[in-house]
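Presented below is the structure to which this report refers.
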Amino acid sequence: MKLKEHINTLIAQALKQASITVDKVSVTEATKPEFGDYQFNGIMPLAKTLRRNPREIAEDVVALIDTTDAISKVEVAGPGFINIWLNPLWVAKRVEEMLQGERVGVEISTNPQEVIVDYSGPNMAKEMHVGHLRSTIIGDTLANLFSFLGDSVVRQNHIGDWGTQFGMLIAYLEEQSVNSMENLKDLEEFYKSAKKRFDESEEFALKARDYVVKIQSGDAHCLRLWQNFIDISLQHCEEVYEKLSVKLTRDDVRAESFYNKRLPQVVSKLQESGALQVSKGAKCVFLEGQETPVIVQKGDGGYLYATTDLASLWYRSEVLDANRVVYVVDARQAEHFKQVFRISKENGLVKESTNLEHIAFGTMMDKGGKPFKTRDGGTVKLINLLDEAVIRAKKSIREPQNHSEEELNTLAKTIGIGAIKYADLSINRESNYIFDWDKMLSLEGNTSLYQQYAYARIMSIFRKYDGEIGSEIIIATPIEHTLSIALLRFEDILLRASKDASPHQITTYLYEVATLFMRFYEQNPILKEEIDEPTKQSRLALALLTSKVIKQGLDILGIEVVDRI
RNA sequence: GCACCCAUAGCUCAGCUGGAUAGAGCAUCGCCCUUCUAAGGCGAGGGUCUUAGGUUCGAAUCCUAAUGGGUGUACCA
């Protein structure tokens, strides 16, 4: 239910009747319970142009607001705030409708977009490490969110499978005559050993460089080795995706090498449009107002990542016909994306109407506020981090005796992985974030476990109660009123999170819903004997809807729920 | 050097287009379980929103500058 839009319309009608023109009416949630459910602050800025006392204007408008439907009461307060109370009967009806629908009251977009979500993007030369976590988690959530709202989503995993280090790896692969996966179990070690050989032996280094040339010129034998290496490396990634319950598959892979054919075309296209200049032997695009150019072809003829990104932008616009392209990539690449976005638009690689967004995020820090590393300063392998999360989650379960060993393992996975994801998603993505095991696995505060616990608590009620659940909602207490409105806001929240590509708005909301439910549950007994049947039915229905909102919300975040903790 | 980002309670963070007395959680201190999962709830204390100017009826939010921190900056990705 688009709650805010509905109220906006009612206010807009009153303004129209009062012959006041406003570009956009936008109510906000009331800042305090005394101020009602929503408030409209848009009168005060009008005072100057209308040359009238804002309070008087507000009085006029208030008199014209329809209070027979959604709104039960309006009041002018302070210098000209309009406080709005929603009609509990109307709210109850909307909650009933929300309960009946398949999609927790969320409409499928009538104007679906073709959205590309570019995320994860691991480098095939190494194993995935913590640096890939945020992109993978945030990107997957955004893809889930957009598709739940009805957009047509294409996930793209822009894996790094091309470049000089592959010559080194292939040379080492051949030298070791490794063809089976067995010896490649630890990709990280393999990379390190190859690098060591490269640094130590000039002969080996020469061979490695030779391999780069061979791969790039399409030598069949080398390409086969390269392909083999990529396959194995990709399997490592898929293992991580599996553990993380991230929906990326092989079909989503559009590797760097996928764009090879387009690279010379990008250069000639830029040449045609006159953007290209040769400087110090390299083919460059100089952007207005910037000293250093964007190099699209090196002096030796090689291409760079800017070229690949331009090629991918072109492909996504031309072939995939995207309306919106979101790149979920580290904030440090902000300038790079600003540049390639601009070049692609200015030179017709991407349609003017296409929205290009760099969804930047900050670095993952340790508890001391330093970049997250192992004790000896190395990078933390993602797979180890995830395994640790599950182990820690298992230890944190309060009453393990209530579960079978198998249940316990599933539970630990759900809690552990959920905690890692939720901790990441619940923070404004642009700021750096502090990775803290104790905090994320805590039972208290804004964590996934709190949501999962709230859900499990509701499930426990339904285990105890085996009758029918009513379809009539009765809003009789303040907390029922507040909880109901919070539930109705679900769609508003998702729409805004989608617009801003900002998952933390969903977590903030879910935390509010879960907290309200806990209070509701504390104050308004459900199955107690003294509760009359209609009230019991209504409260059961509210609990049910709460569980549906939490489940759906967490599902978008890629987090599972359990019936029992 | 230049450019970009960040600065809110002891700690971790919310704060939507500028709006009423700046909100949560953790930690600290009280209270509530023979009663639906107490992994919960209720309450208390804790703030010159880094600083100084400016715009405005009104600024944590917008503008300018300073300070502190982070990041990027020609042939790696």
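Proteins get letters first, then strands, A, B, ... in listed order; numbering begins at 1 in each. No hydrogens, no waters, no symmetry mates; every other heavy atom, side chains included, goes into these values.
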Problem set entry | is_close_aromatic(Y259(A), Y303(A)), centroid dist under 6.0 Å | no

Minimum-distance nucleotide (side-chain atoms of [X] versus [options]):
X: S279(A); options: A20(B), A77(B), A74(B); value: A74(B)
X: N83(A); options: A74(B), A20(B), C16(B); value: A20(B)
X: K280(A); options: A20(B), A74(B), C16(B); value: A74(B)
X: S26(A); options: U17(B), U37(B), A77(B); value: U17(B)
X: K528(A); options: A74(B), U35(B), U37(B); value: U35(B)
X: Y453(A); options: A77(B), U37(B), U73(B); value: U37(B)
X: M44(A); options: A24(B), G19(B), A39(B); value: G19(B)
X: L443(A); options: A74(B), A39(B), G19(B); value: A39(B)
X: E335(A); options: U73(B), G41(B), C57(B); value: U73(B)
X: K338(A); options: U37(B), C4(B), G19(B); value: C4(B)

Problem set entry | Rounded distance [0.5 Å steps], OG in S233(A) versus CD in E127(A) | 8.0 Å

For this session: Nearest 0.5 Å please: distance from the CG atom of D466(A) over to the NZ atom of K464(A).
Result: 12.0 Å

[atom1]-based separation of [M] from [N] [nearest Å]:
N: G1(B); M: U48(B); atom1: P; result: 32 Å
N: G43(B); M: C26(B); atom1: P; result: 14 Å
N: G18(B); M: A60(B); atom1: C1'; result: 11 Å
N: G23(B); M: A44(B); atom1: P; result: 13 Å
N: G15(B); M: U21(B); atom1: C1'; result: 15 Å
N: G19(B); M: A59(B); atom1: P; result: 11 Å
N: C4(B); M: C42(B); atom1: P; result: 45 Å
N: G45(B); M: U50(B); atom1: C1'; result: 24 Å

Return no unless some side-chain N or O of [X] is found under 4.0 Å from OP1 or OP2 of [N].
X: K464(A); N: U37(B); answer: yes
X: K24(A); N: U17(B); answer: no
X: R519(A); N: G41(B); answer: no
X: S460(A); N: U37(B); answer: yes
X: Y450(A); N: U37(B); answer: no

Please give the nucleotide sitting opposite [N] as a Watson-Crick or G-U wobble pair, both distances under 3.5 Å, or none.
N: U71(B); value: A3(B)
N: G46(B); value: none
N: A27(B); value: none
N: A20(B); value: none
N: A52(B); value: U64(B)

Would you indicate what [X] reaches in the nucleic acid, counting non-hydrogen atoms under 4.0 angstrom: base, sugar-phosphate, or nothing?
X: R463(A); answer: base
X: D563(A); answer: base
X: A334(A); answer: nothing

Side-chain donor-acceptor contact under 3.5 Å, [X] with [Y]:
X: N524(A); Y: T477(A); answer: yes
X: Q451(A); Y: Y422(A); answer: yes
X: N355(A); Y: E357(A); answer: no

Seminar exercise, completed: chi for C11(B) classified (syn = within 90 degrees of 0, anti otherwise) as anti

For this session: Specify the residue among T31(A) and P525(A) whose closest nucleotide of RNA chain B lies further upstream toward the 5′ end.
Result: T31(A)

Exercise. Mapping Q333(A) and E291(A) to their closest nucleotides on RNA chain B, which lands nearer the 5' end?
Worked result: E291(A)

Exercise. Can Y521(A) be called stacked on C36(B) when the rule is centres closer than 5.5 Å and an angle between planes below 30°?
Worked result: yes

Problem set entry | Per-pair stack call F35(A) and A20(B), 5.5 Å, 30° | yes

For this session: Run the numbers on F520(A) and F517(A) for ring pair (Phe, Tyr, Trp, His ring centres under 6.0 Å), then give the verdict.
Result: CA-CA 5 Å; F520(A) 159 76; F517(A) 175 77; 5.8 Å; yes

Problem set entry | Flag side-chain contact, heavy atom, 4.5 Å: L544(A) against I458(A) | no

Exercise. Any Lys/Arg nitrogen of R489(A) or E29(A) sitting under 4.0 Å from an Asp/Glu carboxylate oxygen of the other?
Worked result: yes

Exercise. If you measure from the Lys or Arg side-chain nitrogens to the Asp or Glu carboxylate oxygens, is any gap between D199(A) and K195(A) under 4.0 Å?
Worked result: yes

For this session: Kindly indicate whether the side chain of E444(A) and the base of G25(B) share any N or O donor-acceptor pair separated by less than 3.5 Å?
Result: no

For this session: Classify the side chain of D309(A) versus the base of A77(B) as yes if they form a donor-acceptor pair under 3.5 Å and no if they do not.
Result: no

Problem set entry | Protein-to-nucleotide contact annotation, 5' to 3' order, nucleotides 8-15 of chain B [B base; S sugar-phosphate only; - none; under 4.0 Å, heavy atom] | ----SSSS

